[in-house]
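Structure record follows, encoded as structure tokens.
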Amino acid sequence: MESSNDLEKKTHESAEDMNSEDQVRTSSSDENLYKNREGEEEEEEEEEGFMSVEKISRLPVSIKFNIPKKISTRKRRKSEEEDDDPNGEEKKAKLSFGGKVLSSYEIEILRKVRRRKYLKDREKKKVEELRDDIEDEIMLNHGVKLTERELIDFRFKKELYELLKKTEDNDDDVEGYRIPDAYDREGCIDQKKRFAVVEQRYSERKSGRGVTEQEAWEDHQAQKARVRFGAKDKQQVVDGYEFVFDDLTGLVEESSSEVETGRQRGCNSKTVAEKAREEREFLPIHGYRDELLKLIAKNQVLVIVGETGSGKTTQIPQYLQEAGYTKRGKIGCTQPRRVAAMSVASRVAQEVGVKLGHEVGYSIRFEDCTSDKTVIKYMTDGMLLRELLTEPKLDSYSVIIIDEAHERTLSTDILFALVKDVAKVRPDLRLIISSATLEAKKFSEYFDSARIYLIPGRRYPVEKLYRRWPDADYLETVIRTVFQIHQTEPIGDVLVFLTGQEEIERAETNLKRRMMDLGTKNSEIIICPIYSNLPTELQAKVFEPAPKGSRKVVLATNIAETSLTIEGIRYVIDPGYCKINSYNPRTGMESLLVSPISKASAEQRAGRSGRTGPGKCFRLYDVKNLEPTTIPEIQRANLASVVLTLKSLGIHDVLNFDFMDPPPETALLKAFELLYALGALDGKGEITKVGERMVEFPVDPMLSKMIVGSEKYKCSKEIITIAAMLSVGNSVFYRPKNQQLLADNARMNFYVDTENVGDHIALLRVYNSWKETNYSTQWCYENFIQSKSMKRARDIRDQLLGLLNKIGIELTSNPNDLDAIKKAILAGFFPHSAKLQKNGSYRRVKEPQTVYVHPNSGLFGASPSKWLVYHELVLTTKEYMRHTTEMKPEWLIEIAPHYYKLKDIEDSRPKKSQRSSERASTSKVDTNKKTRTSKVDTSKKAKR
DNA sequence: GAGCACTGC
């Protein structure tokens, strides 16, 4: 704590600061400041009145944010000038109305009126959207037999629409909407007013009723029921149709034009299509078209460095199509993310002027939107990899474009080597690798010195400021920086990169507390957290533009780095960390570690501020200390499924496979060992019949072995459900902070009735109960289950079901024989066995390693079972087994006699005679070696 | 008594 003396001194200093503007400005001699790389721009920075974080942090809170008085008034004026209100109407309204200058109270009223209008309009839009959806479905599903579920969905939509239509006449009720009393009363406006906007969006909706958590939940679930297209949170009026794109969509770097991607809606989109076609000519890539085509004709492999906003992803396939490449075969373009594949395809379909799924289509898991006519096909990289399994030479393609190659996903890395190989046997095939600047040279070298071609992008300059020394508590620095930006920088939203949910929540509380402390002297800050596990309806808030006069502060995980784009960001605060998952092949354990980001990531994050105008990036680190690129996934992943895939493609020498960055040998060997143990590979390392069946399932090899193994135990129906549930990970149970006890009770309900229900069986029960309620979201809500995850599990299960059929495994059900189900689980997971030790911890049977039951498991704290099978190991604060089920040791011998020998399990129930002989023999052995091994040895002797 | 970033088939 600071002494009052110190405080006084600092206050004094700060008073001086206030008087001398030079002091307030950035002082270039202070080395703890954010620094600008380019010295000359520091001048400009001073103009902006940028003040050092240090300086602000030294000041007592009450004064801290009052200091830049001159600046703040100047800034405020400046920011008003910069308001992007085209007609200046808002400004006029703020200052005068009918010649009368408005008070802040009157402005507040005006704001409310506008809000009402907005809500009313929004409802109208949503209803129209629903109508469009129904029309689309009628058109798309014409003559198609719908499944029962689809039919129910469709009827629900139709009913909803008719209901809404009916009430539309009485819509004037909207006028009855009111702001919660607490915020409306005079006298307490000051404090409340600041949160009014925030509260409104949280708690009110069209009808003016408060939205209960339940309603929000249901709304969220209903939203998820349909896929929507579009790139950004923008809307557009076309022929009386209003399209609202507010889904959580992926970034379409290339759609830098004003027209946003949209689903084609019959003939009404003609103008959109025409406009879209015109826009093409304004993209930076347009001028390079002919040169690019010439190069592609001449070079089989081309590395393209297309900067953000160049238009490469949407344009190159069209150029190729125009040049006649599609006569020989399709043009395939891979994307690392589903939404990207979908939205780019939709955009291109619009530009070409065809219906999505006809000449232009996309293919992603669970959704194939292509037809025989499709010549331009966007897809996820994993999808192309799957296609390679059935079409090893990619005969139906004339060009393959691997987009965003620098992201180095597991699939792209494998694709590199495979397409490189295919290109050798197919001279007519063209390969285009699109990458970021940093890795272009590496790609070129890998593809035998392929030509590199640069297409400039279109984006705004980003000013990068940095701190020379990292902070011990960067969260505190982040918060100070947020307020510093808020105080001294012109209008524009702030994006903060944090590592995870917990950190985001902490930052949110701290920011709010600090805001309270500061009182009303600043305009409002709206805090929007975003991370992938956040329910969708809460995620949507991030895309709503901040009301005039306020500033949005987005607290995001890495999700905002590539997966989604938020409009209006002008400032990025980047502490320089993220969580990276790594797999230790030696222990078979996964761990999520907070690590420094790479230079490439740092650039990507900084670029997030320069999408709609010049931006600023505040780095809490020095970029020169970073590694150039992130370690590619292939070097830190469990490779079992990679090896199996390669083997099934007929690649014998996986160890010397032409990886761009070879994975560690131990990881490959571990994968081999496992696959051999599972029976997927034989002694020579060749793929077996079992392996061939396993590779059909798009799941981890242990899971696919479990499925294949279920045939024997007549419980394939139960097993695919368990496999699907395990595949969605640990996001099935939902545990809100304020209802943890209730949530835990709800979860434990799935463990009762029978003894020793493990986590696997519990997951099965969850799914079946959900199914019994006809996939009710209400039921999910009541039982603290995430319906998002359940729907995903249903999709995966449906897919597995289809594959079961394909490889000829009969669908059999054996719901009451838990032993059979457990045995089937063991058929895939027998290497994951653990035995209870005296101190309550567990020990892996085949590896000398102590592990624990995960606290989220239903077995945690229960009377311990002697033998467990677990799904995976994670290293957090301890070595935990996640998803565990009790089993019998003799099953290990029964199911995997090649893997377990009697001695592995024998000391499970030491008999009297054994114990005595043990004692006898151990006494003979060196006393230092009184280990388990000696025990095991002796017990074996005893058996003999 | 923990705590999961983000993708993908």
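Please read all numbers here as calculations on a predicted model, not as lab measurements. The chains referred to below are lettered A, B, ... by the order of the sequence lines, with proteins before strands, and numbering in each begins at 1.
- Rounded to a whole Å, the CG atom of A/Asn638 is 15 Å from the C1' atom of B/dG8.
- Residue-level contact check: A/Phe697 touches neither bases nor backbone, having no heavy atom under 4.0 Å from any strand.
- Under the salt bridge (charged side-chain N to carboxylate O under 4.0 Å, His left out) criterion, the residue pairs touching residues 406-415 of chain A are A/Arg337-A/Glu407, A/Arg408-A/Asp413, A/Arg408-A/Glu439, A/Arg408-A/Asp661, with sequence neighbours excluded.
- Residue contacts for A/Asn581: at a heavy-atom cut-off of 4.0 Å it reaches a base atom on one of the strands shown.
- Side-chain atoms of A/Glu503 and A/Tyr474 include a donor-acceptor pair closer than 3.5 Å.
- Looking at heavy-atom distances under 4.0 Å, A/Phe860 makes contact with sugar-phosphate atoms alone, never a base.
- When each of B/dC6, B/dA5, B/dG8 is scored by its nearest atom to the side-chain atoms of A/Ile559, the top-ranked nucleotide is B/dC6.
- Nucleotide B/dG8 holds its C1' atom 15 Å from the CD1 atom of A/Ile402, rounded to whole Å.
- If you check every strand for non-hydrogen atoms under 4.0 Å, A/Gln799 touches nothing.
- When rounded to the nearest whole Å, the span between OH of A/Tyr583 and P of B/dT7 equals 23 Å.
- If you measure from atom CD of A/Glu367 to atom P of B/dC9, you get 11 Å, rounded to the nearest angstrom.
- Put simply, CG on A/Leu800 is 14 Å from P on B/dC9, counting in whole angstrom units.
- You'll find that the side chain of A/Arg365 is closest to B/dC9, out of B/dC9, B/dA5, B/dT7.
- Contacts of A/Thr409 with the nucleic acid, taken as non-hydrogen atoms under 4.0 Å apart, are absent.
- To the nearest angstrom, P of B/dC9 lies 19 Å from CG of A/Leu639.
- Inspection of the A/Gln604 and A/Thr562 side chains reveals no N or O donor paired with an N or O acceptor under 3.5 Å.
- Across every non-hydrogen atom of A/Thr380 and A/Ile364, the tightest pair is CG2-CG2, 3.8 Å.
- Distance CD (A/Glu590) to C1' (B/dC6): 13 Å, rounded to an integer number of Å.
- Atom P of nucleotide B/dA2 and atom CG of A/Asp759 are separated by 17 Å, given to the nearest angstrom.
- The six-membered or imidazole ring of A/Tyr577 lies away from that of A/Tyr621, with a centre-to-centre distance of 6.0 Å or more.
- At the heavy-atom level, A/Leu410 lies nowhere under 4.0 Å from the strands shown.
- In the set B/dA2, B/dC9, B/dT7, B/dC9 carries the atom at the smallest distance from any side-chain atom of A/Met383.
- Residues meeting the ring-ring contact (aromatic ring centres under 6.0 Å, His included) test with A/Tyr870, sequence neighbours left out: A/His832.
- Not one side-chain nitrogen or oxygen of A/Thr499 sits closer than 4.0 Å to the OP1 or OP2 atom of B/dA5.
- Residue A/Lys579 places its side chain closer to B/dA5 than to any other of B/dA2, B/dG8, B/dA5.
- Phosphate contact (OP1/OP2 of B/dT7, side-chain N/O of A/Arg408, threshold under 4.0 Å): absent.
- Side-chain atoms of A/Thr630 and A/Ser598 form a donor-acceptor pair, as typed in the model, at a separation below 3.5 Å.
- The listed nucleotides are B/dC9, B/dA2, B/dC6; the one nearest the side chain of A/Tyr531 is B/dC6.
- With B/dA2, B/dC6, B/dC9 as the candidates, the nucleotide lying closest to the side chain of A/Pro698 is B/dC9.
- Nearest nucleotide to the A/Thr877 side chain, out of B/dA2, B/dC9, B/dA5: B/dA2.
- Comparing B/dA2, B/dA5, B/dG8 by their nearest atom to the side chain of A/Pro855 picks out B/dA2.
- Residue A/Ser411 is out of contact with every strand shown, counting any heavy-atom pair closer than 4.0 Å.
- Taking for each of A/Thr380 and A/Leu741 the nucleotide of DNA chain B with the nearest heavy atom, the 5'-most of the two is the partner of A/Leu741.
- Distance from the side chain of A/Tyr880 is smallest to B/dG1 among B/dT7, B/dG1, B/dC9.
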